[in-house]
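Numbered from 1 within each chain, the chains take letters A, B, ... in sequence-line order. Predicted model, so just to flag it, every value in this text is computed and none were measured.
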Amino acid sequence: MKAIVDCNSFYCSCERLFRPELAKRPVVVLSNNDGCIVSRSDEAKSLGIEMAGPYFMAKRVIEDNGVAVFSSNYTLYGDLSMRVMDTLREIAGKDAVEVYSVDEAFVDLSIIPEEELYETAKYIKDMVEMWTGISVSIGVAPTKTLAKLANYIAKKNKEASGCVTVLATPEQQREALQQTRVNNLWGVGGAYARKIYDMGITNGWELATMSEAWAHRFLGGVVGVRLIKELRGEEAVDMKEELVEKRMIATTRMFGSTVTDINDIKEAVATYTSRAAEKLRRQHSAARVISVFVVTGEQDYSLGFNRGGTISKQATLPVATSKTQELIKPAVALVDELYKRGTEYKKAGVMLSGLVTDTSIQGNIFLSETKNCERRLMDTIDNVNFSQRDDMLKFAASGTDRDWKMRQEKRSPRYTTRWDELFEVS
DNA sequence: TCTGGGGTCCTAGGACCC
DNA sequence: TCTGGGGTCCTAGGACCC
């Protein structure tokens with residue numbers, strides 16, 4: 001059996017941890033640029049505030065009901081996430097935990113007898129709450145997909161479930177599937193849900209009884225077959241061994257306001273490249289391919305995000321590198337190729353791919369002394385920026401005034417990671 | 001007149017997730 | 001006025017090879 005441990009309204013819970021007076025007040029957290037609502041407390045949900053809805057459209061409800069609003073504070077959430085994951089590893093053992101996202105982890109419970117699953121899950125929940133102050137919901141079942149379903153059910157009625165649901169027997173699984181619409185299943189998104197409804201299938205149980213051949217034909221080949229198997233209790237999505245390195249690294253942002261000047265775009269792209277290069281070095285990789293994209297003018301939000309005019313260009317480097325200078329140069333050159341005078345730009349991004357292990361990491365005796373120096377320069381920059389302020393040291397190409405910088409007006413202090421923002425007890 | 005049957009690698013794009 | 005920012009996996013199709 002497997003458990004999925006999922007933090008309740010994670011970002012909101014993080015904010016409340018340091019503002020206990022908000023415990024009963026509705027809370028929401030906004031995306032970058034203060035654009036969308038990405039986390040809602042239960043009280044905010046019951047006010048009808050939509051997940052991923054635009055902030056400006058919910059503003060009225062928010063003001064009328066005294067909802068507390070925060071810009072996202074990823075430094076804080078990242079640190080608390082680490083504490084939650086460390087707690088799980090402490091309880092279940094390092095190898096039994098697979099971190100799935102910032103607020104979720106799968107835990108292998110195969111050594112626990114069936115009749116003790118509920119108590120075990122409850123224990124995990126209590127310990128996480130006691131050690132980190134973050135409340136979680138837990139779903140337990142034979143496969144990842146069914147565990148996600150169990151968790152969905154636990155969250156739907158927290159009072160009745162105590163935030164823990166176990167679907168250990170085929171009967172329990174069947175009942176759960178029957179009462180769940182297909183669009184709420186893990187692995188069924190908007191496109192598949194529509195397709196499935198059109199074929200007259202509405203609940204999870206009906207889907208689980210379809211043939212694998214049918215799934216292969218209509219639900220994306222092997223992906224659909226895996227989904228059907230998982231729903232029947234047959235493991236098809238494995239636990240991953242220790243976190244693998246990323247195969248692609250991206251840094252992209254909307255601009256705070258529309259930008260037309262090529263130099264602003266170059267500064268933004270240089271800044272994003274620096275960020276991406278830091279991520280690259282953190283996982284000891286080097287990149288062979290760099291691509292830059294820009295998004296112009298109006299986007300059609302009826303079709304979802306980022307469907308508007310995206311143009312991109314990529315360059316393949318002669319040698320894979322993790323050095324900021326060597327990445328900024330081609331990135332800026334790509335902007336020259338993409339840029340059109342008189343166009344309004346809303347967003348830009350940098351993607352690094354073709355990742356390989358960085359061989360320049362420990363000074364290499366076959367490399368010239370200058371190469372080793374550059375490597376040490378990167379380490380120094382990363383250290384200063386990590387321990388002091390995010391962009392205390394940066395390349396001149398990143399600019400200094402930043403008209404294009406994103407909005408972030410309501411961010412809370414980084415209580416746990418910055419000396420000058422520590423939580424104070426009086 | 002008539003022109004195989006594999007393989008690999010790469011890219012673009014679609015679907016999904018949080 | 002005002003709508004994140006990351007990621008993953010898979011498939012199809014084209015180029016090229018023998």
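Remark on the helix from B:dG5-C:dC18 to B:dC18-C:dG5: inter-end axis angle 10°, axes from five-pair C1' superpositions, rounded to 10°.
The side chain of A:Lys279 places an N or O atom within less than 4.0 Å of a non-bridging phosphate oxygen (OP1 or OP2) of C:dG6. Residue A:Arg275 places none of its side-chain N or O atoms closer than 4.0 Å to OP1 or OP2 of C:dG5. Residue A:Gln314 places at least one side-chain N or O closer than 4.0 Å to OP1 or OP2 of B:dA12.
Minimum atom distance to the side chain of A:Glu104 is reached by B:dC18, of the listed C:dG5, C:dC2, B:dC18. Here the nucleotide nearest the side chain of A:Lys347, chosen from C:dG4, C:dG5, C:dT8, is C:dG5. For A:Trp186, counting side-chain heavy atoms from C-beta on, the closest listed nucleotide (B:dC17, C:dG5, C:dG7) is B:dC17. Of all nucleotides listed (B:dC18, C:dC10, C:dG4), C:dC10 comes nearest to the side chain of A:Arg226.
The side chain to side chain donor-acceptor pair (under 3.5 Å) search around A:Arg194 returns none, not counting sequence neighbours.
Remark: A:Lys148 in residues 141-151 of chain A come within less than 4.0 Å of DNA chain B through at least one heavy atom.
Look at the P atom in both B:dT3 and C:dC18: the space between them is 23 Å, to the nearest Å.
Note on A:Leu227: nothing from the nucleic acid sits closer than 4.0 angstrom, heavy atoms only. Heavy atoms of A:Gly190 sit under 4.0 angstrom from primed sugar atoms or phosphate atoms, though from no base atom.
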